[in-house]
Student: 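First the structure, which I've put down as structure tokens, then a few questions once you've had a look.
Hydrogens, waters and symmetry mates play no part in the numbers below; they use all other heavy atoms, side chains included. Chain naming here is simple, since letters A, B, ... match the order of the sequence lines and numbering starts at 1 in each.
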Protein chains: 4
Amino acid sequence: MRKKDDEKERSIKEAVIKLILEEGFHGASISKIAKMAGVSPATVYIYYENKENMLQNIYNEYSEDIFDYLLSCVDLKMDGQQLIEILIRSYYNYIIQNKEIFSFVEQFSNCPSLVNSCSGKKGVCHIYSLIEDMKKKQIIKNYRYDNLLAIIFYPVKAIAVDNHKSEAERADLLKEMIIIIQDAVLIQ
Amino acid sequence: MRKKDDEKERSIKEAVIKLILEEGFHGASISKIAKMAGVSPATVYIYYENKENMLQNIYNEYSEDIFDYLLSCVDLKMDGQQLIEILIRSYYNYIIQNKEIFSFVEQFSNCPSLVNSCSGKKGVCHIYSLIEDMKKKQIIKNYRYDNLLAIIFYPVKAIAVDNHKSEAERADLLKEMIIIIQDAVLIQ
Amino acid sequence: MRKKDDEKERSIKEAVIKLILEEGFHGASISKIAKMAGVSPATVYIYYENKENMLQNIYNEYSEDIFDYLLSCVDLKMDGQQLIEILIRSYYNYIIQNKEIFSFVEQFSNCPSLVNSCSGKKGVCHIYSLIEDMKKKQIIKNYRYDNLLAIIFYPVKAIAVDNHKSEAERADLLKEMIIIIQDAVLIQ
Amino acid sequence: MRKKDDEKERSIKEAVIKLILEEGFHGASISKIAKMAGVSPATVYIYYENKENMLQNIYNEYSEDIFDYLLSCVDLKMDGQQLIEILIRSYYNYIIQNKEIFSFVEQFSNCPSLVNSCSGKKGVCHIYSLIEDMKKKQIIKNYRYDNLLAIIFYPVKAIAVDNHKSEAERADLLKEMIIIIQDAVLIQ
DNA sequence: CATGAATGAGGCTTCATTCAT
DNA sequence: CATGAATGAAGCCTCATTCAT
């Protein structure tokens with residue numbers, strides 16, 4: 001009896017997100033994935049029940065990743081200004097450094113037919129207590145949690161995914177955006 | 001007999017965006033599209049050179065739609081507060097009332113392989129002069145255009161696409177969001 | 001618009017029953033069928049919704065064939081002896097001369113998973129009135145219809161499908177079998 | 001430890017014939033068989049060289065079963081009437097009580113590609129001496145052996161496999177059929 | 001212009017079988 | 001002996017596109 005090969009599962013996953021970045025969601029066929037992962041098409045079905053299941057599995061694994069990363073970057077001893085800056089910069093950096101994963105998660109999220117049939121734990125909850133805590137400490141204004149999340153992260157996304165701009169331009173935009181957001185959500 | 005042609009093209013377009021909302025990007029095959037549009041698969045190729053071309057065509061047609069709509073909603077005689085509110089509400093309403101189109105445009109935009117090979121005129125330019133005008137009039141703070149656009153529209157999108165919430169909840173969030181954005185971008 | 005080609009449908013059907021005789025029910029893959037019929041695999045799906053449907057369709061077409069043939073061979077002016085002989089010989093000849101069709105129908109009938117999901121009009125009804133008529137005329141003994149059918153046709157089948165015997169041997173057996181059946185079912 | 005092996009082989013065999021009844025000949029894949037038998041697919045290849053071999057093996061084991069059973073039911077002290085009745089009723093009962101085995105053997109027999117490449121000892125020989133003996137004793141008419149076999153058993157099969165009828169109806173048919181056959185083959 | 005027929009290529013998945021433990 | 005992992009080949013079917021009317 002051979003053991004399940006973690007290496008193989010990993011290379012399959014990597015092939016999926018890489019292919020989906022390069023060729024879009026529909027260009028990632030099982031045979032291409034298998035070829036890129038260096039396994040037989042049949043092997044994919046040892047690790048995943050079928051293609052849809054595979055995508056949802058990978059989505060569930062990575063969709064929370066970014067928030068775990070954010071939490072690992074912040075420190076409760078930071079003051080409000082620092083904290084917002086770190087959150088935003090970390091979010092931005094994650095997108096830049098994990099293009100493939102981010103693109104995969106975004107494409108998946110935007111596809112109603114996929115995301116609706118997905119078990120879908122909203123992984124955002126980890127960051128909930130952080131935000132609520134800062135509201136109680138009167139560091140962040142008392143806006144609704146969902147709105148705070150939207151304000152802090154969505155505009156940054158717009159900068160990060162804009163490939164028409166140079167890195168320098170985007171760094172400038174980001175700098176200004178941090179100030180805008182700090183002004184918007186911090187008390188004083 | 002011209003009218004009939006236009007109708008066919010329209011019904012094809014509608015079939016495309018409807019199918020892509022319902023079954024995702026890869027569920028929209030030419031034969032399904034043709035069936036839903038009530039035409040033969042061969043007919044599709046009278047109006048479009050091939051499938052990719054067709055999608056890009058439709059994308060180009062609809063990707064600017066939202067900004068045209070926004071401009072049609074605002075009035076230069078409005079004050080700053082009003083204007084921001086109208087922009088945001090209009091944007092929100094467009095998404096709600098044009099789910100299919102919005103979903104199509106979003107999915108297309110997020111697919112690198114499609115959007116990169118697209119002629120891609122940045123349709124956002126229409127709104128550029130409006131924003132710049134308000135900056136000159138010292139109504140809106142002197143932030144970079146891209147950031148202003150991101151701040152005003154991206155967070156709203158988060159509210160509009162969140163299907164886990166009731167209409168009432170989303171209306172509440174929107175109300176608050178308008179205030180947040182007004183505070184962030186208006187002078188005083 | 002091209003018209004549906006009757007030739008093509010016929011060659012597909014023939015390929016199916018020929019292949020199933022040669023290679024058994026499971027050796028008849030769509031691609032082999034298509035190759036033998038001289039069409040593309042995709043073409044098969046223009047004429048049949050799917051494989052199961054195709055097989056059922058062909059079964060329904062041929063399962064009654066033999067009884068139509070039998071009826072075309074008999075004549076109401078025949079006496080009882082003649083009639084039984086003709087029925088048996090015709091049945092035998094049909095099997096010999098339509099090996100492929102007969103084998104297909106038999107294999108299909110014996111496969112519960114196929115035959116149960118089949119619309120399945122019992123085509124035997126055509127011969128019903130013939131038998132009942134002869135019972136009324138006191139030519140054939142007053143046995144139940146189903147039993148008469150079984151007695152007249154089933155033993156003959158055993159002779160016809162026995163490939164271990166020479167043609168001459170089978171002719172001898174058939175001759176004797178006719179007498180046995182005549183004795184069994186005719187009055188006097 | 002021997003017992004365990006035999007059990008595995010038995011459970012594989014049972015899985016094969018059960019699956020073939022339920023899902024037809026082509027629905028019985030090695031992996032399904034293994035799953036149903038509670039063993040690994042690889043284990044099947046310890047007991048059988050390959051799939052075709054396995055099927056032929058099982059066929060050879062069961063194809064004679066019914067005749068062994070028949071012989072175990074009859075007694076040479078019975079008179080002709082009794083003997084025919086017992087033979088027929090036993091044959092009928094075997095089919096009813098061993099649906100799976102019978103269906104497997106029938107499907108296999110009707111598949112030329114399988115049965116032709118089969119070592120194929122005609123298992124019917126056991127019953128040969130019984131029939132010939134009764135012919136010598138002038139109990140059964142002096143018809144050819146093959147025809148007697150066909151007359152006695154084939155029509156019964158028609159009743160046994162007809163699932164459109166109730167058990168009661170079939171019992172009635174069987175009762176009459178016994179009389180028909182007795183009349184046909186017994187002297188006086 | 002419009003069509004349904006036709007197709008080779010490729011989609012996902014399962015197959016029978018072998019490998020390595 | 002027994003296993004689950006692994007695989008190339010092949011299964012069915014649908015795809016985007018073209019053909020012929």
Student: Roughly, in whole Å, what's the span from CD in A:Glu23 to P in E:dG10?
Tutor: 13 Å
Student: If the cut-off is 4.0 Å, is D:Lys8 near the phosphate of F:dC1, judged by side-chain N/O to OP1 or OP2?
Tutor: no
Student: So, OP1 or OP2 of F:dC13: does either fall under 4.0 Å of a side-chain N or O from C:Lys51?
Tutor: no
Student: Both D:Glu52 and A:Asn50 contact DNA chain E. Which one's nearest nucleotide lies toward the 5' end?
Tutor: A:Asn50
Student: Measure CD1/A:Ile33 against P/E:dT13 and give the value in whole Å, please.
Tutor: 10 Å
Student: Describe the nucleic acid contact of A:Val44 in one word from base, sugar-phosphate, nothing, applying a heavy-atom distance below 4.0 Å.
Tutor: nothing
Student: Apply side chain to side chain contact (heavy atoms under 4.5 Å, CB included) to the pair D:Asn50 and D:Asn53, showing each step before the final yes or no.
Tutor: CA-CA 5 Å; D:Asn50 55 39; D:Asn53 200 280; 3.0 Å; yes
Student: Does any non-hydrogen side-chain atom of C:Phe25 lie less than 4.5 Å from one of D:His26?
Tutor: no
Student: Decide side-chain hydrogen bond (donor to acceptor under 3.5 Å, both in side chains) for C:Ser11 and C:Glu7; before the verdict, give the C-alpha distance in whole Å, the side-chain angles of both, and the deciding distance to 0.1 Å.
Tutor: CA-CA 6 Å; C:Ser11 59; C:Glu7 270 298 311; 6.0 Å; no
Student: To the nearest angstrom, how far is C:Asp6 atom CG from E:dG4 atom P?
Tutor: 18 Å
Student: Does OP1 or OP2 of F:dA6 have a side-chain N or O of A:Tyr47 closer than 4.0 Å?
Tutor: yes
Student: Whole-Å distance between E:dA16 P and D:Glu49 CD?
Tutor: 16 Å
Student: Hey, which sits more toward the 5' end of DNA chain F by its nearest nucleotide, D:Pro41 or C:Pro41?
Tutor: D:Pro41
Student: Looking at D:Lys99, is its backbone amide N or carbonyl O close enough to the side chain of D:Ser103 to form a donor-acceptor pair, meaning the two atoms are under 3.5 Å apart?
Tutor: no
Student: Any idea which heavy atoms bring D:Glu22 and C:Ser113 closest together, and the distance?
Tutor: O-CB, 3.7 Å
Student: Between E:dG4, F:dA5, E:dT3, which nucleotide gets closest to the side-chain atoms of B:Thr43?
Tutor: E:dT3
Student: Atom CG of B:Asn53 to atom C1' of F:dA16: distance rounded to whole Å?
Tutor: 14 Å
Student: Please report the C-alpha distance between B:Tyr62 and B:Glu100 in whole Å, then the side-chain angles of each, then the deciding distance to 0.1 Å, and finally whether the side chain to side chain contact (heavy atoms under 4.5 Å, CB included) criterion is met.
Tutor: CA-CA 11 Å; B:Tyr62 287 117; B:Glu100 295 165 357; over 6 Å; no
Student: Please state how far atom CD1 in C:Ile30 lies from atom P in F:dC12, giving the value in whole angstrom units.
Tutor: 5 Å
Student: Using whole Å, report how far OH of C:Tyr48 lies from C1' of E:dA5.
Tutor: 15 Å
Student: Is there a side-chain contact between A:Ser31 and the phosphate of E:dC12, meaning an N or O under 4.0 Å from OP1 or OP2?
Tutor: no
Student: What stems show up for DNA chain F when you take Watson-Crick pairs (N1-N3 plus N6-O4 or O6-N4) and G-U wobbles (N1-O2, O6-N3), both under 3.5 Å, and require three or more consecutive pairs?
Tutor: E:2-21 with F:2-21
Student: Could you tell me whether a side-chain N or O of A:Asn98 sits under 3.5 Å from a main-chain N or O of A:Ile101, the two making a donor and an acceptor?
Tutor: no
Student: Closer than 3.5 angstrom, by distance alone: can the side chain of D:Lys51 be matched with the main-chain N or O of D:Ile30 as a donor-acceptor pair?
Tutor: no
Student: Compare the minimum distances between each of F:dA16, F:dT3, F:dT14 and the side chain of B:Tyr45, then state the nucleotide with the smallest one.
Tutor: F:dA16
Student: Would you mind telling me which residue lines up with the more 5' stretch of DNA chain F, C:Gly27 or D:Ile46, judged by nearest nucleotide?
Tutor: D:Ile46
Student: Under 4.0 Å: is that the gap between some side-chain N or O of D:Ser29 and OP1 or OP2 of E:dT14?
Tutor: no
Student: Quick one: D:Glu9 CD to F:dA2 P, roughly how many Å, whole number?
Tutor: 10 Å
Student: Check this one for me: any side-chain N or O of D:Ser40 less than 4.0 Å away from OP1 or OP2 of F:dA2?
Tutor: no
